[in-house]
Amino acid sequence: MAVSDYQLISAWQHVLTLSRLEKGQIVTILTSANTHPQTLSCALIAVQSLGAVVNRLDLPPVNAEKSLSRDPLAYLGTTALTGNPAAIAALKASDLVLDLMTLLFSPEQIDILGSGTKILLAVEPPEVLVRCLPTAEDRERVLAASALMANAREMTVVSDAGTDLRCPVGEFPAISEYGFVDEPGRWDHWPSGFSLTWPNEGGANGTIVIDTGDILLPQKSYVSAPIVLTVENGYAVKIEGGIDAERLAEYMETFNDPEGYAISHIGWGLQKRAYWSVLELYDKEQTIGMDARAFAGNFLFSLGPNNEAGGSRTTACHIDIPLRNCTVCLDGKAVVTKGKLQENKHGR
């Protein structure tokens with residue numbers, strides 16, 4: 001159902017307030033050809049209503065000749081900021097950047113965050129933004145989960161479908177995504193609601209079964225038959241199964257990059273206003289599938305880079321895969337049991 005401008009402006013004001021936007025601060029809204037016009041227009045009004053100075057920086061799309069998808073996360077090569085020092089300088093001079101374009105995993109984003117600028121990504125349709133409006137309680141839940149993750153030395157994941165994965169952790173930080181940016185140099189994504197880290201370099205081993213009904217992103221499709229990944233020393237060395245496995249394998253081969261097969265971030269969803277079942281209700285070109293990434297109790301893993309966490313692995317290939325019905329343990333203690341959050345402070 002369509003969202004009124006009034007409701008979306010109010011939602012922006014709520015998120016900007018949680019992000020500690022102050023009167024007189026400078027906000028730059030980063031846009032491109034696919035930016036949702038209502039999201040942009042309402043953001044402009046909301047920023048001004050809170051007394052901040054607002055700019056708009058519009059940059060052309062890139063990578064069309066390389067990517068197989070219009071999804072902004074389908075190809076993580078160069079960005080519109082690559083070789084563009086004037087644009088980078090403008091973003092570094094801002095207190096807050098509202099990214100309505102998608103800079104994720106780019107070295108330019110890391111550089112901008114290092115200057116103390118906050119970046120909030122918001123590219124989902126307005127109806128998803130207002131349904132998954134972040135709260136202070138979301139922050140508490142995600143931070144509690146990340147604290148558990150930060151103190152752990154091993155994450156294990158099993159499922160009745162056959163997943164049996166062991167990941168030593170601790171080499172990379174625990175990351176909290178709760179939907180707003182309340183500290184200098186912080187990046188987040190509205191909507192979100194999950195905790196994640198990366199396995200120690202080369203440490204992940206075991207089997208991952210992407211079961212019927214699990215989701216592939218950026219394909220934005222439900223799997224029709226199980227896909228079995230064999231993981232050795234941090235990399236998926238085999239992709240086996242039926243037609244879905246063949247499609248995934250061919251897609252990954254197009255990048256011609258062995259680093260694309262590395263196990264990237266691992267974690268679990270904590271957003272109770274996100275739903276596994278809604279992916280097919282949205283136009284594929286209008287969503288990047290944040291419901292799938294964030295729904296409570298999923299096990300979300302990805303293939304590809306770790307430079308976002310301070311690692312050295314960069315690759316244009318990035319695939320997010322949320323699984324249902326998994327049991328996730330930290331040092332032997334369950335945080336998710338068969339797809340259900342444990343009822344403690346990180347699961348409420």
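The chain is numbered in sequence order, starting from 1. Here the structure is a predicted model, which means the values were calculated and not measured.
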Under a 3.5 Å distance rule, please check whether [X] uses its side chain to pair with a backbone N or O of [Y] as donor and acceptor.
X	Y	value
T337	K340	no
E177	H189	no
D211	A161	no
H14	P134	yes
D257	C317	no
S32	N34	no
N200	G203	no

With distance as the sole criterion, is a donor-acceptor pair present between the side chains of [X] and [Y] under 3.5 Å?
X	Y	answer
Q38	D5	yes
T28	R56	no
T207	D164	no
Q271	S192	no
N325	S159	no
W198	E171	no
E259	T314	no
N306	S264	no
S195	S176	no

Quick one: do [X] and [Y] end up in the same hydrophobic cluster if we chain Ile, Leu, Val, Met, Phe, Trp and Tyr together by side-chain heavy atoms under 4.5 Å apart?
X	Y	result
L98	L44	yes
L100	V47	yes
V223	M252	yes
V97	L103	yes
L270	V157	yes

Evaluation steps, side-chain hydrogen bond (donor to acceptor under 3.5 Å, both in side chains), between S94 and T117:
CA-CA 6 Å; S94 305; T117 297; over 6 Å; no
According to the interplanar angle, ranging from 0 to 90°, do the rings of F255 and Y251 count as parallel (below 30°), tilted (30 to 60°) or perpendicular (above 60°)?
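Judged by the thresholds at 30° and 60°, the geometry between F255 and Y251 is perpendicular.
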Measure up the W12 and W190 rings against each other and bin them: parallel (under 30°), tilted (30 to 60°), perpendicular (over 60°).
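The arrangement is perpendicular - the two ring planes meet at more than 60°.
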Are [X] and [Y] within salt-bridge range, i.e. N to O under 4.0 Å?
X	Y	answer
D160	K338	yes
R313	E201	yes
E183	K118	no
R139	D182	yes
R293	D320	yes

Hey, are the side chains of [X] and [Y] touching, using non-hydrogen atoms and a 4.5 Å cut-off?
X	Y	value
N205	R166	no
P191	M290	yes
F180	S19	yes
L81	L59	yes
T327	C329	yes
I119	I112	yes
K92	D111	yes
W268	V335	yes

Going through the distances and angles, do H318 and T315 end up as a side-chain contact (heavy atoms from CB on, under 4.5 Å)?
CA-CA 7 Å; H318 176 246; T315 175; over 6 Å; no
Atom [atom1] of [X] and atom [atom2] of [Y]: how far apart are they, to the nearest 0.5 Å?
X	Y	atom1	atom2	answer
S49	I9	OG	CD1	8.0 Å
D214	T163	CG	OG1	8.0 Å
L21	D95	CG	CG	8.0 Å
W187	I175	CH2	CD1	9.5 Å
Q25	L16	CD	CG	10.5 Å
I321	I208	CD1	CD1	7.5 Å

Does atom [atom1] of [X] have more than 12 heavy-atom neighbours from other groups under 6.0 Å away?
X	atom1	answer
E240	CD	yes
N256	CG	no
R273	CZ	yes

What's the shortest heavy-atom distance between [X] and [Y], and which atoms?
X	Y	value
C167	A204	SG-CB, 3.8 Å
L217	G289	CD1-O, 3.9 Å
G162	V209	C-CG2, 3.5 Å
P126	T39	CG-OG1, 3.7 Å
I239	A245	CG2-O, 3.8 Å
L121	V123	CD1-CG1, 3.8 Å

I would like to know whether K220 and L279 meet side-chain contact (heavy atoms from CB on, under 4.5 Å); could you show each step before the answer?
CA-CA 7 Å; K220 286 171 276 196; L279 183 64; 4.2 Å; yes
Step by step, would you call F295 with D291 a side-chain contact (heavy atoms from CB on, under 4.5 Å)?
CA-CA 6 Å; F295 71 85; D291 271 278; 5.9 Å; no
Give the C-alpha distance, both sets of side-chain angles, the deciding distance and a yes or no for side-chain contact (heavy atoms from CB on, under 4.5 Å) between V231 and L165.
CA-CA 8 Å; V231 180; L165 180 69; 4.3 Å; yes
Tell me whether R186 forms a cation-pi arrangement with Y178, defined as NZ or CZ under 6.0 Å from the six-membered ring centre and within 45 degrees of its axis.
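Yes, a cation-pi geometry holds between R186 and Y178.
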